[in-house]
Amino acid sequence: MKQNEKQYDKIHTRMMKEGNLFGDETNADIPCEEEHVCRDFDELFYRLARSDFRRRFCLKHADIEYIENKGLQTIRRHAEDFIARRLAPASIPNDGRQTPMRGHPVFIAQHATGCCCRGCLAKWHGITSGHRLTADEQRYVVNVIMDWIKRQIAEKKLQSEKGME
């Protein structure tokens, strides 16, 4: 196991209070629920790209290696767990500071997409605070994060093919 993979796994394990959340999982193709996308992500990402703060976030080579080693379905499950635990509650004592700036590709994606705290969810996605996120709202947030991650991977591969990296 590579050093970055160990670091990410250690961080994810530390984040989970209940131990090994996913057991001995495989990266088998599990169907995504991306059909539940409620908005046009192209328009959202266009708006986010105009933010100096949001556009500075990007996946690094080590992040992409980690994603490729774990598989997108595992990363999706990590995102689902992080959102359920850190963003979905109606009241978050440390709202605005609950998402680390680094340490897992999902955290980077949360900041890049404005899905890092309830204030940003309200500003960028129109999802108000003060209520527990519904299952559909949680699914929407995870879909935004996963779409951003996939776009980042595609962009990095394109850059690599053109010899720009």
Side-chain angles (χ1 to χ4, degrees), residues 4 8 12 15 27-90 92 95-165:
N4 289 332
Y8 287 134
H12 184 257
M15 303 299 286
N27 289 329
D29 290 328
I30 301 167
C32 293
E33 296 189 29
E34 294 184 30
E35 301 79 43
H36 291 86
V37 174
C38 303
R39 301 190 181 174
D40 180 3
F41 289 163
D42 289 336
E43 189 272 330
L44 169 66
F45 292 138
Y46 173 78
R47 286 188 300 115
L48 289 163
R50 295 190 335 216
S51 165
D52 289 336
F53 178 74
R54 302 287 165 203
R55 84 169 160 253
R56 79 177 192 191
F57 292 96
C58 64
L59 294 178
K60 303 209 178 335
H61 182 70
D63 299 317
I64 293 172
E65 277 186 356
Y66 177 76
I67 292 166
E68 288 174 348
N69 288 334
K70 291 295 182 181
L72 284 171
Q73 293 306 320
T74 297
I75 300 303
R76 172 176 281 280
R77 286 192 294 271
H78 292 179
E80 289 168 347
D81 184 64
F82 291 150
I83 297 309
R85 291 175 182 267
R86 299 169 156 264
L87 202 61
I92 304 168
D95 193 31
R97 294 180 308 278
Q98 75 266 36
T99 304
M101 298 290 261
R102 60 183 178 267
H104 195 284
V106 170
F107 297 154
I108 297 164
Q110 283 183 262
H111 288 291
T113 60
C115 297
C116 46
C117 68
R118 295 303 288 269
C120 291
L121 269 183
K123 176 181 178 178
W124 291 101
H125 304 278
I127 299 174
T128 59
S129 58
H131 73 284
R132 177 160 181 77
L133 292 181
T134 66
D136 284 341
E137 289 169 332
Q138 289 182 56
R139 197 169 16 259
Y140 165 79
V141 170
V142 170
N143 286 338
V144 168
I145 289 166
M146 293 306 298
D147 193 273
W148 183 87
I149 287 172
K150 290 174 187 175
R151 288 171 189 239
Q152 282 284 298
I153 292 169
E155 183 179 318
K156 296 293 182 187
K157 284 184 180 179
L158 184 61
Q159 288 174 352
S160 180
E161 288 172 5
K162 290 183 176 182
M164 296 173 57
E165 191 168 304

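Please read these numbers as outputs of a predicted model, since none were measured by experiment. In what follows, residues are counted from 1 in the order of the sequence shown.
A distance of 7.5 Å separates CE of M146 from CD1 of I67, quoted to the nearest 0.5 Å. One finds the CD1 atom of I83 at 13.5 Å from the NE2 atom of H78 (value rounded to the nearest 0.5 Å).
Tested against I153, the residues K156, K150, K157 include a single side chain to side chain contact (heavy atoms under 4.5 Å, CB included) partner, K157. Here the options are D63, T113, I145, I149, the test is side chain to side chain contact (heavy atoms under 4.5 Å, CB included), and the partner is I108; only D63 passes.
L87 has its side chain out of reach of Q138: every pair of non-hydrogen atoms, C-beta onward, lies at least 4.5 Å apart. With a 4.5 Å cut-off on side-chain heavy atoms, I64 and Q152 do not count as touching. A 4.5 Å side-chain heavy-atom check between Q110 and V141 finds every atom pair outside the cut-off. D147 has its side chain within reach of F45: a pair of non-hydrogen atoms, C-beta onward, lies under 4.5 Å apart. Taking 4.5 Å as the limit, every side-chain heavy atom of H111 sits out of range of all side-chain heavy atoms of R102. For the pair N143 and F41, the minimum side-chain heavy-atom distance is below 4.5 Å. Side chains of W148 and L59 form a contact here, defined as non-hydrogen atoms less than 4.5 Å apart.
For R55, the salt bridge (charged side-chain N to carboxylate O under 4.0 Å, His left out) partners are D52, not counting sequence neighbours. For the side-chain contact (heavy atoms from CB on, under 4.5 Å) test, residues two or more places apart in sequence or in another chain that qualify with T134 are D136, E137. Remark: E80 pairs with R76, R77, V142 by the side-chain contact (heavy atoms from CB on, under 4.5 Å) rule, at least two apart or across chains. Judged as a side-chain contact (heavy atoms from CB on, under 4.5 Å), and not counting sequence neighbours, the contacts of C117 are D95, Q98, C120. Evaluation of the side-chain contact (heavy atoms from CB on, under 4.5 Å) rule for F53 yields S51, R56, F57, M101 as partners, not counting sequence neighbours.
Counting all heavy atoms, side chain and backbone alike, A88 lies closest to A84 at CB-O, 3.5 Å. The minimum heavy-atom distance linking G114 with W124 is given by the pair CA-CD1, 3.9 Å. Among all heavy-atom pairs drawn from C115 and V144, the shortest one is SG-CG1, 4.0 Å.
Salt-bridge formation is detected for the pair E43/R47: a Lys NZ or Arg NE/NH1/NH2 atom is positioned less than 4.0 Å from an Asp or Glu carboxylate oxygen.
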